[in-house]
Amino acid sequence: MMRGWRNGCVGLWMMLGAVAAQAGDVKVSEAVRFEQVDLVDVGVLIPKATLEIRYAGDDNFVGRPVDGYRAPKCYLLRPAAEALRQVADDLAADGYRLRLFDCYRPVRAVRDFVRWARDPADQRTKPRFYPNLDKSTLLDGYIAETSGHSRGATVDLGLERCDGARCELLDMGTGFDRFDTLANTDDPRIVGEQKTNRQRLRAAMEHRGFRNYPLEWWHYTFQPEPTPTTAYDIPVQ
């Protein structure tokens, strides 16, 4: 049953990729500064958001800082950033806060992921991030050679529930970047409070124009994308 569910999701992933490709080939911008393309600092725009930018440290599936992440900061193109601020304001009224795991991702970081995936000797993070998979399969629908994050309108995030000054991350059924079908947003094995938490996040994000990637409960892209055929390779700093 699990294999069939995964195959169906990979098929959906391929279909979504084909749709994106129809918009035209993605080109890498020659910009070297965020100001040139209006990538804005979300931590400044949403000061109460929790920044847990995983790829700037070693708490991630590669087990080390990723190429292109020189600081634990979140950048998005202005329209996406402004929409995310609206999400944060909506949720704050009900006692929730955003926790941001990743935002704009430089092209060089995506290439670093692919190099890691092609190195069978490095299995340090398997128990936590891909315990049920052989590393050789991760390029089959889990790690892509190009990423929508590099276009500046995609964010990976979770939700915190706040009680006064104390905030705790909500249980979504898996951790961020878990390579498993349990991370599919509507996996039927996710029930109860975990399902409710995923639905709460999706409803808040969709209300402000973000669309979920069905294979990952944490992954959302603002629609329409401001620069759907342009990726960026400016280091996060």
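All values reported here derive from a predicted model rather than from experimental measurement.
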- Mind running salt bridge (Lys or Arg N to Asp or Glu O under 4.0 Å) on Arg64 and Asp58 for me, showing each step along the way? CA-CA 4 Å; Arg64 55 168 172 76; Asp58 57 11; over 6 Å; no
- Task: Inspect the surroundings of NZ in Lys126 and state if more than 12 heavy atoms from other residues, nucleotides or ligands are less than 6.0 Å away.
- Result: yes
So does [Y] get a backbone contact from the side chain of [X], meaning a donor-acceptor N/O pair under 3.5 Å?
X	Y	result
Ser150	Arg105	yes
Asp67	Ala109	no
Glu206	Ala203	no
Arg97	Cys167	no
Arg54	Phe101	no
Thr50	Arg99	no
Asn197	Glu193	yes
Thr227	Thr229	no
Glu225	Thr221	no
Thr196	Gly192	yes

Validation row: [X], [Y] side chains within 4.5 angstrom (heavy atoms):
X	Y	answer
Asp180	Asp187	no
Val42	Lys73	no
Arg200	Leu159	yes
Glu82	Leu76	no
Thr125	Val62	no
His149	His219	yes
Pro72	Leu51	no
Tyr96	Leu201	no

- Checking Asn212, Thr185, Asp186 against Arg202 for side chain to side chain donor-acceptor pair (under 3.5 Å), the one that qualifies is Asp186
- side-chain contact (heavy atoms from CB on, under 4.5 Å) with Tyr104: which of Leu77, Thr154, Ile234? Ile234
Distance-only polar pair, side chains of [X] and [Y], donor-acceptor under 3.5 Å:
X	Y	result
Arg151	Thr230	no
Asp102	Tyr69	yes
Tyr55	Asp156	no

- So Phe129 and Phe179, ring pair (Phe, Tyr, Trp, His ring centres under 6.0 Å) or not? Walk me through it. CA-CA 6 Å; Phe129 290 99; Phe179 299 138; 7.2 Å; no
- Partner of Glu145 under salt bridge (charged side-chain N to carboxylate O under 4.0 Å, His left out), chosen from Arg111, Arg115, Arg118: Arg118
- Is Arg161 salt-bridged to Asp163, cutoff N-O under 4.0 Å? no
- Query: Does the pair Asp59/Arg128 count as a salt bridge with the N-to-O cut at 4.0 Å?
  - Reply: yes
- Query: Would the Phe34 and Tyr232 ring centres measure less than 6.0 Å apart?
  - Reply: no
- Query: For Trp116, is the NZ or CZ atom of Lys135 found under 6.0 angstrom from the centre of its six-membered ring and inside 45 degrees of the ring axis?
  - Reply: yes
Rounded at 0.5 Å granularity, tell me how far [atom1] in [X] sits from [atom2] in [Y].
X	Y	atom1	atom2	answer
Leu39	Arg78	CG	CZ	10.0 Å
Ile190	Thr174	CD1	OG1	7.0 Å
Leu169	Phe176	CG	CZ	12.0 Å
Asp140	Asp134	CG	CG	11.5 Å
Arg85	Arg208	CZ	CZ	11.5 Å
Arg178	Trp217	CZ	CH2	12.5 Å

- Query: Step by step, would you call Arg189 with Thr181 a side-chain hydrogen bond (donor to acceptor under 3.5 Å, both in side chains)?
  - Reply: CA-CA 10 Å; Arg189 295 165 292 174; Thr181 55; 2.8 Å; yes
- Task: Sorted by first residue and then second, give each disulfide (SG to SG under 2.5 Å) pair with at least one member in residues 197-235; sequence neighbours left out.
- Result: none
- Task: Please report the shortest heavy-atom distance between Val114 and Ala144, naming the atom on each side.
- Result: CG2-O, 3.8 Å
